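Please read the structure below before turning to the comments.
It should be emphasised that the depicted structure is a prediction, and the values quoted were computed from it without experimental measurement. Letters A, B, ... mirror the listed sequences (proteins, then strands); counts begin at 1. Quick note: numbers below take in every heavy atom, side chains included, and nothing from hydrogens, waters or symmetry partners.
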Amino acid sequence: MIAVTFPDGASRQYEPGVSGLDIAKRISPSLAKRTVAMALNGKLTDLSDQIDHDAKIEFVTRDDPRALELIRHDCAHVLAEAVQELFPGAQVTIGPVIENGFYYDFFRPEPFTLEDLPAIEKKMREIIARDAAIAREVWTRDQAKAWFSAKGEVFKGELIDAIPGGEDLKIYRQGQWLDLCRGPHMPSTGRVGGAFKLMKVAGAYWRGDHNNPMLSRIYGTAFAKQEDLDAYLHRLEEAERRDHRRLGREMDLFHFQEEAPGAIFWHQKGWTLFQTLVSYMRRRQQEAGYEEVNTPQVLDRGLWETSGHWETYREHMFLTKTEDERTFALKPMNCPGHVQIFKNGLKSYRDLPAKIAEFGVVHRYEPSGALHGMMRVRAFTQDDAHIFCSEDQIMDEALKINDLILSIYEDFGFGDVLVKLSTRPEKRVGADEAWDKAEAALYKVLDVLKARGQKTAVTPGEGAFYGPKLEYALRDAIGREWQCGTTQVDFNLPGRFGAFYIGPDSEKKTPVMIHRAMFGSLERFTGILIEHFAGHLPLWLSPAQIVVCTITQDADDYAREAVATARQLGLLVEADLRNEKIAYKVREHSLAKVPVLLVVGKKEAAERTVSVRRLGSQAQTSSSLDEALAALAQEATPPDVKG
RNA sequence: GCCGGUUUAGCUCAGCAGGUAGAGCAACUGAUUUGUAAUCAGUAGGUCGCGGGUUCGAAUCCUGCAACCGGCACCA
């Protein structure tokens, strides 16, 4: 007999080979009915699994959070069965669970379109209603190979070949249909339930490699309960309402047009916001000992050959050939320019660390399909800096950067930050010893951060071609992650450009260069802020802080006076003296996301007060003009100036 | 770049089976002087993304290109 221990600590004896389902049934039929899987010694597995040794068991019911993955995974299988029923000849490939749902990739000469989804979804509901048992079988590799190749499933065949030799293969059968799968699965298709929806179709490369054929991917999502699905769909709508492209138009911040794909036309208000960010960053950097510079937009091709960018990124550079047949590139990065500044004039070890910063406008010819509003553009501004230092200063400098970045994010309300260490990629320059040193320094930084309780991660092979990096990903108001800041240790470029400093021993030494950005792309960061705040920017960031709205003409003079006073306090304020009803004005400015409306009528003019209405609230408070403006001026002071 | 979709007035969208375009909001002009998310009336506004083709006739059908949207790949 074997001893099976339950979550409450109780233990019972069973004959070896008893299945999870048997145990559940013996406890109570209703438990068996509700249970979709079990956690055996903490590992999620099929309910039909036999238990041969003493074990801890926990039944996972359908409403258990752990069941969600199974529901989605089974739903993906149901999708595949439905597709193969409706579209004979469509080949199955893989269908994993992803964040917020699942997908399944099919191979088919004609890709699926949105119009195919309702029929597929209908068929899926049929399959779920059939409630066929999902049974696991173990096949030999040859058996599986033969079965799938007989069906013309060449992609499954490839998958089978990729599974390490000797291993038996798991096959899950549901009704007439079966699939090669790692599992686990629920006992029957009916357990998927009705709270699912096919979301979209997309092309995707087989095995994620663009040299491979393109598959037709169907995305779906599934939840345990309909209300969870509804809530998810509602969240998607919410994200759409926050879309910076939509808000950018509604708030009159910027626009795009065909003639400049991937480049922003900044309107007055958007540019004001942009400049607010620049001013903020400039103050923070100056305080941190950076020296701001500016380097040329257009630089000779030779410079990019020296840096190595030509070799790796030529096809992503904007090139220009002049009449004298000289090839220049619009700078895609600022580093070569900053190295030139470092090289200009003899540097001593006493000059280190030299921190050269620039709000550098860079151009990159991004693939057309990569463009996305302000989040991915072809011309953008980096809050870029390069720190030239000695090897033993790396860790200290990286930590200083870290602290500055986290403090800056905090000022914008981003408290949840993940620090990732990305190590050497396959395609890289420089000796492995240099990489060893650079990575070692960053690992040490990561250790310090971990000790402080900072969230960290390591992503192997994701470093830049010239060095490993720390990347800073912040989480926004609706839980999305945005990678913004970066710290990259570079043992290569300074040497390639022949940069050096004179050490204490009077010998020439090659400095290490740390590339670093905090917002990353100012354009992208602006977009993130818009979405994070859903357009409701804090007063200090708002490019149109106040509108003084009159109720009748009687208050015009008073409104003008209020505007003048507010401007003296540095506030961004306009008057709305139009002959419109106050409700009309309130609506219009609220839609334009103006944070503060000061409403003035006869009464306010006589009493020298204002009625204050804040964006997002119906409440009105009355206070004296001077007090209201003083409070607003205080609120509109940037956090770093407030101290 | 690859797959799919979209492109009609400043914005949101009709215009489904080819017979030279409509609505609401915005704009403009009047009237209205108004108390916290749309006052009323009138007027004007479109090479239907761009090019080529089919047709007596194309916003509508075919085709090339571009931009955008959703993914994939890419992201120094």
A:Thr550 and A:Lys585: side-chain donor and acceptor closer than 3.5 Å?
yes
Measuring only the C1' atom in each nucleotide, how far is B:rA73 from B:rA38? A whole number of Å is fine. 47 Å
Separation of B:rG30 atom P from A:Glu580 atom CD, nearest Å, is 14 Å
Rounded to whole Å, CD1 of A:Ile218 lies from C1' of B:rG70 at a distance of 14 Å
OP1, OP2 of B:rG4 versus side-chain N and O of A:Thr113: anything below 4.0 Å?
no
* Asked: In terms of the angle between their ring planes, are A:His316 and A:Tyr313 parallel, tilted or perpendicular, with boundaries placed at 30° and 60°?
  -> tilted
Span that lies between the P atom of B:rA59 and that of B:rU54, in whole angstrom: 16 Å
A:Asp576 CG to B:rA38 P, in whole Å, measures 15 Å
Scan nucleotides 25-27 of chain B against the protein and return all N/O pairs shorter than 3.5 Å with their distances rounded to 0.1 Å.
none

Using a heavy-atom cut-off of 4.0 Å across all strands, would you classify A:Leu215 as base, sugar-phosphate, or nothing?
nothing
Q) Is any side-chain N or O of A:Glu115 under 3.5 Å from a base N or O of B:rG5, one able to act as donor and the other as acceptor? A) no
- Query: Under the salt bridge (Lys or Arg N to Asp or Glu O under 4.0 Å) criterion, do A:Arg207 and A:Glu158 qualify, and how do the steps go?
  - Reply: CA-CA 11 Å; A:Arg207 295 184 149 176; A:Glu158 267 192 56; 3.8 Å; yes
Between A:Ser611 and the options A:Leu597, A:Thr621, A:Val599, the side chain to side chain contact (heavy atoms under 4.5 Å, CB included) test singles out A:Val599
Does the cation-pi check pass for A:Arg516 over A:Tyr290, that is, NZ or CZ under 6.0 Å from the six-membered ring centre and within 45° of its axis? yes
- Message: What's A:Gly373 touching, base or sugar-phosphate or nothing? Going by heavy atoms closer than 4.0 Å.
- Response: sugar-phosphate
Under 4.0 Å, heavy atoms only, any strand: does A:Leu114 hit a base, just the sugar-phosphate, or nothing? nothing
Select base, sugar-phosphate, or nothing to describe what A:Gly616 touches, counting heavy atoms under 4.0 Å on all strands. nothing
* To do: Please check if the side chain of A:Gln91 supplies one atom and the backbone of A:Val154 the other of a donor-acceptor pair under 3.5 Å.
  => yes
Suppose you measure atom C1' in B:rG19 against the same atom in B:rC11; what distance do you get, rounded to whole Å?
30 Å
| query | Ignoring hydrogens and geometry, is there a side-chain-to-backbone donor-acceptor pair from A:Arg217 to A:Ala202 under 3.5 Å? | reply | no
Checklist entry - Is it the case that A:Glu358 and A:Thr295 place a side-chain donor and acceptor less than 3.5 Å from each other? => result yes
Review point. Is a side-chain donor or acceptor of A:Arg524 paired with a backbone partner of A:Gln483 at a separation under 3.5 angstrom?
Key: yes
By nearest-heavy-atom nucleotide on RNA chain B, the more 5' of A:Ser611 and A:Phe112 is A:Phe112
I'd like to know if the side chain of A:Gln545 and the backbone of A:Leu572 have a donor-acceptor N/O pair within less than 3.5 Å. yes
To the nearest angstrom, the NZ-C1' distance between A:Lys602 and B:rU36 comes to 18 Å
- Query: Using the C1' atom in both, what is the distance from B:rC2 to B:rG18, to the nearest Å?
  - Reply: 34 Å
inquiry  = The test is salt bridge (Lys or Arg N to Asp or Glu O under 4.0 Å); show your working for A:Glu561 and A:Arg608 and say whether it passes.
reply    = CA-CA 10 Å; A:Glu561 188 195 330; A:Arg608 298 196 60 75; 2.6 Å; yes
#### Entry: Under 3.5 Å donor-acceptor, A:Glu439 side chain and A:Arg424 backbone
yes
A:His589 atom NE2 is separated from B:rA38 atom P, nearest whole Å, by 14 Å
Here the residues of residues 243-256 of chain A within 4.0 Å heavy-atom distance, strictly under, of RNA chain B are A:Arg245, A:Arg249
The correct list of stems in which RNA chain B takes part (3 or more consecutive Watson-Crick or G-U pairs, distances under 3.5 Å) is B:1-7 with B:66-72, B:10-13 with B:22-25, B:27-31 with B:39-43, B:49-53 with B:61-65
To the nearest angstrom, the CZ-C1' distance between A:Arg378 and B:rA67 comes to 10 Å
Per-nt protein contacts along nucleotides 71-76 of chain B (heavy atom under 4.0 Å; B base, S backbone sugar-phosphate only, - none) come out as BBBBBB
Next item on the list: Fit a plane to each ring of A:Phe155 and A:Phe107, take the angle between them on a 0 to 90° scale, and name the class: parallel (under 30°), tilted (30 to 60°) or perpendicular (over 60°).
Entry: tilted
To the nearest angstrom, the CZ-P distance between A:Phe107 and B:rC2 comes to 17 Å
Out of B:rC68, B:rG1, B:rA37, minimum distance to the side chain of A:Ser368 belongs to B:rG1
Using the salt bridge (Lys or Arg N to Asp or Glu O under 4.0 Å) rule, take A:Glu481 and A:Lys420 through it: C-alpha gap first, then chi angles, then the decisive distance, then the call. CA-CA 12 Å; A:Glu481 247 183 35; A:Lys420 283 188 289 193; 5.0 Å; no
Q.
Base, sugar-phosphate or nothing for A:Glu604? Non-hydrogen atoms, less than 4.0 Å.
A. base
Practice prompt. Write down the distance separating the C1' atoms in B:rG49 and B:rA9, rounded off to the nearest Å.
Written response: 14 Å
* Pick the C1' atom in B:rC68 and in B:rG53, then give their distance to the nearest Å. => 26 Å
To the nearest angstrom, the CE-P distance between A:Met375 and B:rC68 comes to 16 Å
Sorted by chain and residue number, the ring-ring contact (aromatic ring centres under 6.0 Å, His included) partners of A:His338 (sequence neighbours excluded) come out as A:His386
* Spacing of the P atoms in B:rU7 and B:rC48 (rounded, Å) -> 14 Å
Atom pairs, N/O to N/O, protein against nucleotides 45-52 of chain B, distance under 3.5 Å?
none

Tell me if the side-chain of A:Gln618 makes a donor-acceptor pair with the base of B:rU36, cut-off 3.5 Å, by modelled atom types.
no
Nearest heavy-atom approach of A:Ala562 to A:Leu625 is CB-CD1, 3.8 Å
Does a side-chain N-to-carboxylate-O contact under 4.0 Å join A:Arg587 and A:Glu580? no
- Task: Quote, to the nearest angstrom, the C1' distance that separates B:rA21 from B:rU47.
- Result: 14 Å
Short question: side chain of A:Tyr472, backbone of A:Thr487 - any donor-acceptor pair under 3.5 Å? no
